[in-house]
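One structure is given below, encoded as structure tokens.
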Amino acid sequence: MLFTMKDTVKRYRALTALDHLHLAVQKGEMLGLLGPNGSGKTTTIRVLTGLTKADAGEIQLFNKNAKNGKSAITDIRRRIGVVPQDLALYETLSARENLEYFGKLYGVRGAVLKKRTDETLEVLGLTDVAGKSPKKFSGGMKRRLNIGCAIIHKPELLILDEPTVGVDPQSRNHILDFLCEINRQGTTVLYTSHYMEEVERICSRVCIMDAGRVIADGSVEELTRSVIFEETITLEVKEPAPSLPEKIKKIQGVTSCNVENRAVTVTSSAGSGNLSRILEVAAPYVILGVSAQRITLEDAFLALTGKKLREGDA
């Protein structure tokens, strides 16, 4: 196990940010950490990286306990890369100088630093602007450089907190493809985002937090299967007769059937498995198409937390 957090508690006066949190990540995983605002995600990252001290619990990274002294903490921090939500760049330095500065902070020097700087600029598509200040960069370029500063020392664990906020679609795709590549090369990634589709795209496992605890843990497929939803099937029928919905409503488990133009929408209770029976009733008609509603990670998140992931979502 790369790191474990057991019974981790963090309180801020009357507020319990982490409530006996259990979280474990294996080497090589790409873990998506989701939760509504105030769920404890940021506190989890701060405690994990040593920026905030937990009030109780056991935390181990790389088989080391942060309580074992300064040398253990120093070793742990050198093996972690952190990409904060707020940009951590020096605008008086060029892109290359930013990378070199952060590399030196992690103990990278000389020819190794130059090689890694060149490699990082190339892989993030910033070679052509290496000598320019980030204040002249687009939002997406700044985000890429921000990631570069966190991976210049080749960390074993990369933690990213909302790394694509405010970036254009092209830069977002570049960032996500890059994260998948370094994960394939062995870097373990802990990824938080308010963009559910990003987590679905890149993460092999998802943990959903609420009220300082992990309330669901598994692959996207496992999480969507774990939540009970009604089943919705839509048939496109060339000339649906008025009697068709009445016949469909008699099928066991069907809760509603509505017709609008050529679309016949059928809702059944969860687990009914009514597709074959619905098609059998509709067989005398010319069926132009069939579609079933896909349960998404966002559907599961809403069902588990009762909240939208992004503020302002209707």
Side-chain angles (χ1 to χ4, degrees), residues 1-35 38-86 88 102-109 112 116 147 149-163 179 182-183 185-193 203-219:
M1 202 64 69
L2 192 79
F3 79 76
T4 57
M5 303 176 73
K6 297 180 180 178
D7 280 322
T8 305
V9 176
K10 180 60 184 176
R11 296 186 179 92
Y12 297 98
R13 296 185 179 179
L15 173 66
T16 300
L18 299 181
D19 186 7
H20 297 87
L21 173 71
H22 289 267
L23 182 64
V25 174
Q26 295 185 12
K27 182 177 174 59
E29 278 195 292
M30 175 92 82
L31 175 70
L33 188 62
L34 299 177
S39 62
K41 301 190 304 297
T42 299
T43 302
T44 298
I45 291 173
R46 290 183 63 84
V47 168
L48 189 60
T49 55
L51 295 175
T52 297
K53 186 176 180 181
D55 297 321
E58 181 182 339
I59 302 168
Q60 285 205 341
L61 295 96
F62 317 112
N63 295 318
K64 294 179 182 288
N65 192 320
K67 294 179 180 179
N68 289 344
K70 187 175 180 180
S71 61
I73 295 173
T74 300
D75 180 67
I76 287 170
R77 287 178 175 173
R78 283 184 174 175
R79 298 166 75 175
I80 296 175
V82 180
V83 181
Q85 182 174 350
D86 295 327
F102 282 98
K104 289 175 182 177
L105 286 181
Y106 284 107
V108 186
R109 296 283 190 277
V112 174
R116 289 190 184 176
I147 292 173
C149 292
I151 56 97
I152 187 71
H153 60 300
K154 294 187 181 293
E156 296 173 53
L157 171 63
L158 179 62
I159 301 172
L160 304 104
D161 189 7
E162 305 286 351
L179 294 177
I182 66 169
N183 179 246
Q185 294 174 7
T187 302
T188 305
V189 178
L190 177 61
Y191 190 87
T192 76
S193 177
C203 293
S204 55
R205 178 177 150 224
V206 179
C207 285
I208 297 177
M209 290 186 66
D210 198 18
R213 293 186 175 191
V214 172
I215 61 170
D217 183 350
S219 67

Would you please name every residue forming a side-chain contact (heavy atoms from CB on, under 4.5 Å) with [X], sequence neighbours left out?
{"X": "Arg77", "value": "Ile73"}
{"X": "Ala211", "value": "none"}
{"X": "Ser219", "value": "Glu221, Glu222"}

Provide the closest heavy-atom pair for [X] versus [Y] in the form atom of the first, atom of the second, distance.
{"X": "Lys64", "Y": "Arg79", "result": "CE-NH1, 4.0 Å"}
{"X": "Ala150", "Y": "Pro155", "result": "O-CG, 3.6 Å"}
{"X": "Ile80", "Y": "Val82", "result": "CG2-CG2, 3.8 Å"}
{"X": "Leu179", "Y": "Met30", "result": "O-CE, 3.6 Å"}
{"X": "Thr188", "Y": "Asn183", "result": "CA-ND2, 4.4 Å"}
{"X": "Arg78", "Y": "His153", "result": "O-CD2, 3.1 Å"}

Just grab all the side-chain hydrogen bond (donor to acceptor under 3.5 Å, both in side chains) pairs involving residues 25-34, residues at least two apart or on different chains. Glu29-Arg205
Steps toward side chain to side chain contact (heavy atoms under 4.5 Å, CB included) verdict (Ile159, Leu48): CA-CA 10 Å; Ile159 301 172; Leu48 189 60; 3.9 Å; yes
Run the side-chain hydrogen bond (donor to acceptor under 3.5 Å, both in side chains) test against Asp161 and tell me which residues pass, sequence neighbours left out. Thr192
Which residues satisfy the side-chain hydrogen bond (donor to acceptor under 3.5 Å, both in side chains) test with Thr187, sequence neighbours excluded? none
Name the residue from Val214, Thr43, Leu34, Asp217 that meets the side chain to side chain contact (heavy atoms under 4.5 Å, CB included) definition with Met209. Val214
Carefully, step by step, assess Thr16 and Arg213 under the rule side chain to side chain contact (heavy atoms under 4.5 Å, CB included). CA-CA 10 Å; Thr16 300; Arg213 293 186 175 191; over 6 Å; no
Supply the atom-to-atom distance [X] [atom1] to [Y] [atom2], rounded to the nearest 0.5 angstrom.
{"X": "Ile76", "Y": "Asn65", "atom1": "CD1", "atom2": "CG", "value": "7.5 Å"}
{"X": "Cys149", "Y": "Leu105", "atom1": "SG", "atom2": "CG", "value": "9.5 Å"}
{"X": "Cys207", "Y": "Lys41", "atom1": "SG", "atom2": "NZ", "value": "12.5 Å"}

Just wondering, do [Y] and [X] contact through their side chains at under 4.5 Å, heavy atoms?
{"X": "Leu23", "Y": "Thr44", "answer": "yes"}
{"X": "Phe62", "Y": "Leu2", "answer": "yes"}
{"X": "Val47", "Y": "Leu21", "answer": "no"}

Taking only residues two or more places apart in sequence, or in another chain, which ones meet Glu162 in a salt bridge (charged side-chain N to carboxylate O under 4.0 Å, His left out)? none
Could you list the residues that satisfy salt bridge (charged side-chain N to carboxylate O under 4.0 Å, His left out) with Asp210, not counting sequence neighbours? Lys307
Check: residues 3-12 side-chain donor-acceptor pairs under 3.5 Å, at least two apart:
{"from": "Asp7", "atom 1": "OD1", "to": "His22", "atom 2": "NE2", "distance (Å)": "3.1"}
{"from": "Lys10", "atom 1": "NZ", "to": "Lys53", "atom 2": "O", "distance (Å)": "3.1"}

